[in-house]
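First comes the structure, then the notes that go with it.
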Amino acid sequence: MPPHFWRQSGLHCRRMSVDPIELLGRRFVEAIVAAFGSEFAETDPLVRTAQNPQFGDFQSNVAMGLAKRVGRNPREVAEAIVEQAALNDVCEKAEVAGPGFINLRLRGDALPRLLEDLEGVLKNSEHPTIRSKTRSSWASGQAARVGVDLVGVNIAKQMHVGHLRSSIIGDTLCRVLARVGNDVIPQNHLGDWGLQIAMVIASLRRRGVDLDRLDLDHLEAAYRDATLDCKADRQALEAARRINAGAHRIAEWEAQVAGAEDRLDEAKRTLVRLQQGDRDIVSAWEKITAITMQACYEIYDLLDLTVTEEHNRGESFYRERLGPVVDEFIRSGVAKESQGAIVVEIEGDETPLLIRKSDGGFLYATTDLAAIRYRLQELRAQRVIYVVDNRQRDHFRKVFEAIRMIGWDRLPGGGRAELRHVAFGAVCGPDGRPLKTRSGDNIRLKDLLLEAIERAGAIVRAKNPELPQDEQREVARAVGIGSVKYADLSTHLIKDYIFAWDRMLAFEGNTGAYLQNQYVRIRSIGRKAPDGVRADAPFLVSAAEEKALALALLRYPGTISSVAETLEPHRLCQYLYDLAGAFSVFYTQCPVLKAETTALRDARVRLARLTERILGDGLGLLGIRTLERM
RNA sequence: GCGCCCGUAGCUCAAUUGGAUAGAGCAUCGGUCUUCGGAACCGAGGGUUGCAGGUUCGAGUCCUGCCGGGCGCGCCA
């Protein structure tokens, strides 16, 4: 799929665009075709916001690259494009600068028009929920169905920091993709099947634990015990024998190993019974699944995730599909037998992808292949996204390559589905090492989130003690969770980031709390606006601060589509921070409610309301709550 | 040993997909202001973009080789 797939249909259509970059881009493509011929119709016009206001509002960098292809010097090419471009209705005269930059300045009357259109688009677009059939009216690309793999909890275990990023990032990507018109299908790939689970069930049954009275804490303890019980320390036994550690010591290790092997056998027998549908075992499995998921749903709720129970597609879901997957890999000749196992050899990789063990068992790669097949062939997704940490990069490269080799990514209309691993870095403590408790355990997600809310609450109480208690709680939750999310989303996904409470809860700088507060400030203008303010008063854009704010507002649709395309949420964060900054400058320089004339007042109120709308919408896409007061 | 990811101001991070003079926030110093929510705004100092080559009109970004840090590498998930 070409990199601009998600944008291309919008680029050539005739409808009026609210995005000046898209609008100008179309005019440039037309000019390029007029100047150099139709074979250049697919040229990316490279229209960008100007880097420096002294150059104008927008610029195109297309001439330098085009110069080589048409065999003329860049400035000549730029002049030729400017000559052909129909820009009079929106721009002042275009200027060629430097090696061939084309600088553009919007006409004074163009901004009000564009703002009207932008406001119209926002008014007409409901907030489409995930899987909603409604298309937002700024859908930039051809609507596609997208499967998003996210969260990924394990049965019998608490959610911990390791699930934080996949949940937050995955949730935001779902919202953004739905916003630009995709049919998004979240998929929560639960670790709910296999030997690990059987070990827990066997262990609980052996100890006679009453599953109806079990909570997740005890269940997790049972998980740890079961894992230890089954882990035979053969190396220790060998070592004890080698150094002749004494009969007593050796006998101890022998007993440990023998015990572990018994437990493991028991677990394997339990797994067989589970797989065969044994009523008691299946009932136990259902109970521990319910206990775990109930706790998970509480956390989803705390995080305001859009994923729900209906998006659960765990390993158990695929259990009947694993055999056929391997069979087809063998039949198609893509997989072959190697040392008793079934493997797919990946070109350029030393180690193959293992899809069936020599004992006949399946592996997690098998489940991933089955899951991708399901998403492509049964859900009919054209795009499958995995929001999983960076350590699994090699794994997904191999799995995707295996899918490509067997051809399951072929689309009915020709072409191939896009399989994409959205890899993210680790959450680190102040020492720069992955975040752990002092004893080296994973930090529970619930503890972390509750601490965020508590810390935010303390700040709110200190800064705004007059706020009623229930509102303080609401603010604490919105700010605490919002800060954690924003800290996670606002840096480049691939990098590790350092988790620091004081920085992420700061009310200054590029933080969630700062944006939430800017939203509240803008909101209070709208609240205080007198009744006489006309909601449809003409936009007036004359002051430099007004113009800067208007230009920032107009960048919103383009920002959203670039996030949908690159799957990089930090672009949206950076945008919202820029927007909030542009508003702050406007607000300090341009009186709104105290403007000199009512026309100016009404125009500025409208501008403020539009800013409020976009800031609120953007925060919503990040899954961050907005407030009336804080 | 092989492979992947990261290295940008004292600290935490950006840089419009190869564009013009590498930008923000914290911290430091200075300024604005009879608060439309000051939880604000403006300004200053601070850089050999880990190092060395290469590609071209142009490189933080692309290619090669080093250095440093992190993480993976058949029958766990």
Side-chain angles (χ1 to χ4, degrees), chain A residues 3 21 44 46-52 54-55 59 61 64-65 67-68 73-74 97-101 103 152 154 191 194-196 315 338-343 348-359 361-365 367-368 389-395 397 423 425-426 428 432-434 459 463-464 487 490-492 494-498 500 502-504 506-511 513-514 516-518 520-525 528-529 555 558-559 562 565-566 568 570-571 573-575 577-578 581 584-585 587-595 601 604-605 608 629-630:
Chain A
I21 290 181
D44 184 339
L46 295 174
V47 175
R48 304 284 127 94
T49 57
Q51 292 207 355
N52 189 328
Q54 80 184 61
F55 299 134
Q59 64 181 70
N61 306 330
M64 281 88 79
K68 214 159 289 170
N73 89 58
F101 298 106
N103 292 330
N154 294 312
L195 189 60
Q196 289 289 317
E315 291 166 346
S338 163
Q339 297 169 37
I342 303 298
V343 302
D349 252 300
E350 267 185 46
T351 56
L353 184 71
L354 231 74
I355 63 172
R356 196 172 75 194
K357 298 192 278 186
S358 50
D359 68 2
F362 303 113
L363 297 106
Y364 74 125
T367 318
D368 279 329
D389 85 90
N390 191 39
R391 289 176 302 186
Q392 303 219 29
R393 196 172 204 125
D394 291 345
H395 167 69
R397 218 194 48 251
C428 295
R433 318 269 315 165
I459 295 169
K463 297 216 181 205
N464 198 352
S490 59
T491 70
H492 215 110
I494 195 69
K495 293 186 181 178
D496 297 349
Y497 76 88
I498 294 178
D502 50 351
R503 214 172 31 244
M504 59 198 248
F507 283 58
E508 306 94 33
N510 193 6
T511 68
Y514 169 79
Q516 283 170 316
N517 185 52
Q518 291 299 319
V520 167
R521 288 178 76 204
I522 302 170
R523 189 100 184 116
S524 83
I525 298 169
K528 285 188 184 151
R555 280 168 47 212
T559 302
S562 92
E565 193 175 307
T566 61
E568 294 175 347
H570 78 279
R571 292 164 181 266
C573 296
Q574 189 64 47
Y575 167 79
Y577 183 59
D578 290 345
S584 262
V585 175
Y587 194 46
T588 50
Q589 298 300 317
C590 303
V592 177
L593 298 175
K594 295 175 181 169
R601 178 198 68 185
R604 285 179 177 168
V605 169
R629 301 188 293 174
M630 62 188 276

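Chain identifiers are assigned alphabetically (A, B, ...) following the order of the sequence lines, protein sequences preceding nucleic acid strands; residue numbering begins at 1 within each chain. These numbers come from a predicted model, not from an experiment. Any value given below was found using the heavy atoms of this structure, including those in side chains, with hydrogens, waters and symmetry copies removed.
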If the condition is salt bridge (charged side-chain N to carboxylate O under 4.0 Å, His left out), which residues does A/D389 pass it with, not counting sequence neighbours?
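For A/D389, the residues satisfying salt bridge (charged side-chain N to carboxylate O under 4.0 Å, His left out) (neighbours in sequence not counted) are A/R391.
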Mind checking what makes salt bridge (charged side-chain N to carboxylate O under 4.0 Å, His left out) contact with A/R433, not counting sequence neighbours?
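Result, salt bridge (charged side-chain N to carboxylate O under 4.0 Å, His left out) vs A/R433: none returned.
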Any [X] side-chain heavy atom under 4.5 Å of [Y] side chain:
{"X": "A/N61", "Y": "A/F101", "result": "yes"}
{"X": "A/R503", "Y": "A/T511", "result": "no"}
{"X": "A/N510", "Y": "A/H570", "result": "no"}
{"X": "A/V592", "Y": "A/Y587", "result": "yes"}
{"X": "A/D349", "Y": "A/R397", "result": "yes"}

Got a minute to check which stems RNA chain B is part of, using Watson-Crick or G-U wobble pairs under 3.5 Å, three or more consecutive?
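Stems (3+ consecutive pairs) listed as B:1-7 with B:67-73, B:10-13 with B:23-26, B:28-32 with B:40-44, B:50-54 with B:62-66.
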Go through [options] for me and flag the one nearest to the [X] side chain.
{"X": "A/T351", "options": "B/rG19, B/rC73, B/rC75", "value": "B/rC73"}
{"X": "A/Q339", "options": "B/rC75, B/rG19, B/rC71", "value": "B/rC75"}
{"X": "A/Y587", "options": "B/rG19, B/rA77, B/rG38", "value": "B/rG38"}
{"X": "A/H570", "options": "B/rG19, B/rA39, B/rA14", "value": "B/rA14"}

Go nucleotide by nucleotide along RNA chain B from the 5' end; which of A/V343 and A/L363 gets its closest nucleotide reached first?
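Nearest-nucleotide comparison on RNA chain B picks A/V343.
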Nearest-nucleotide wise, let me know which of A/P591 and A/G340 is further upstream toward the 5' end of RNA chain B.
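Closest to the 5' end, via its nearest nucleotide, is A/P591.
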Does B/rA39 have OP1 or OP2 sitting under 4.0 Å from an N or O in the side chain of A/K463?
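Answer is no, no contact under 4.0 Å.
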Under the 3.5 angstrom rule, does the side chain of A/N464 hit a backbone N or O of A/M630 as a donor-acceptor pair?
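Yes; judged by distance alone, with no hydrogens or angles, the pair exists.
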Using atom types as modelled and distance alone, determine if a side-chain donor or acceptor of A/R523 lies under 3.5 Å from a backbone N or O of A/R629.
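Here the side-chain-to-backbone pair does not exist.
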Separation of [X] atom [atom1] from [N] atom [atom2], in whole Å?
{"X": "A/Q54", "N": "B/rG19", "atom1": "CD", "atom2": "C1'", "answer": "15 Å"}
{"X": "A/Y364", "N": "B/rC75", "atom1": "OH", "atom2": "C1'", "answer": "12 Å"}
{"X": "A/H492", "N": "B/rU12", "atom1": "NE2", "atom2": "C1'", "answer": "16 Å"}
{"X": "A/Q516", "N": "B/rA39", "atom1": "CD", "atom2": "P", "answer": "17 Å"}
{"X": "A/Q574", "N": "B/rA22", "atom1": "CD", "atom2": "C1'", "answer": "14 Å"}
{"X": "A/I498", "N": "B/rG10", "atom1": "CD1", "atom2": "P", "answer": "16 Å"}
{"X": "A/Y577", "N": "B/rG23", "atom1": "OH", "atom2": "C1'", "answer": "11 Å"}
{"X": "A/E508", "N": "B/rC26", "atom1": "CD", "atom2": "C1'", "answer": "8 Å"}

Report yes or no: is there a donor-acceptor pair, N or O only, under 3.5 Å between the side chain of A/N103 and the base of B/rA20?
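Answer yes: a donor N or O sits under 3.5 Å from an acceptor.
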Does the base of B/rU21 carry an N or O that pairs as donor and acceptor with the side chain of A/Q51 under 3.5 Å?
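In this structure, the two groups form no donor-acceptor pair.
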Between [N] and [M], how far is it from one [atom1] atom to the other, in whole Å?
{"N": "B/rG69", "M": "B/rU28", "atom1": "C1'", "result": "29 Å"}
{"N": "B/rA44", "M": "B/rA22", "atom1": "P", "result": "15 Å"}
{"N": "B/rC41", "M": "B/rA24", "atom1": "C1'", "result": "15 Å"}
{"N": "B/rU61", "M": "B/rU49", "atom1": "P", "result": "10 Å"}

Is there a stack between A/F101 and B/rA20, judged by ring centres under 5.5 Å and planes under 30°?
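Yes, A/F101 stacks on the base of B/rA20, since the ring centres sit under 5.5 Å apart and the planes are within 30°.
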Does the ring of A/F55 lie flat against the base of B/rA20, closer than 5.5 Å centre to centre with planes under 30°?
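Yes; centroid distance and tilt both under limits.
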If you look at every strand shown and take non-hydrogen atoms under 4.0 Å, does A/S524 touch a base, only sugar-phosphate, or nothing?
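Base: the residue A/S524, judged by heavy atoms under 4.0 Å, touches a nucleobase.
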May I ask you to say what A/N464 touches in the nucleic acid, namely base, sugar-phosphate or nothing, with a heavy-atom cut-off under 4.0 Å?
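Contact class for A/N464: base.
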Parallel, tilted or perpendicular for A/Y364 and A/H395, by the 30°/60° rule?
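The rings of A/Y364 and A/H395 lie parallel, inter-plane angle below 30°.
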Give each protein N/O atom lying under 3.5 Å from an N/O atom of nucleotides 41-44 of chain B, with the pair distance.
from: B/rC41; atom 1: OP1; to: A/Y514; atom 2: OH; distance (Å): 3.4
from: B/rC41; atom 1: OP1; to: A/S584; atom 2: OG; distance (Å): 3.3

Counting primed atoms plus P, OP1 and OP2 as sugar-phosphate and everything else as base, spell out the protein contacts along nucleotides 28-33 of chain B at 4.0 Å heavy-atom distance: B, S or - for each nucleotide, 5' to 3'.
------
Which atoms of nucleotides 3-8 of chain B (N or O only) lie under 3.5 Å from a protein N or O atom, and what are those distances?
from: B/rG7; atom 1: OP1; to: A/K495; atom 2: NZ; distance (Å): 3.1

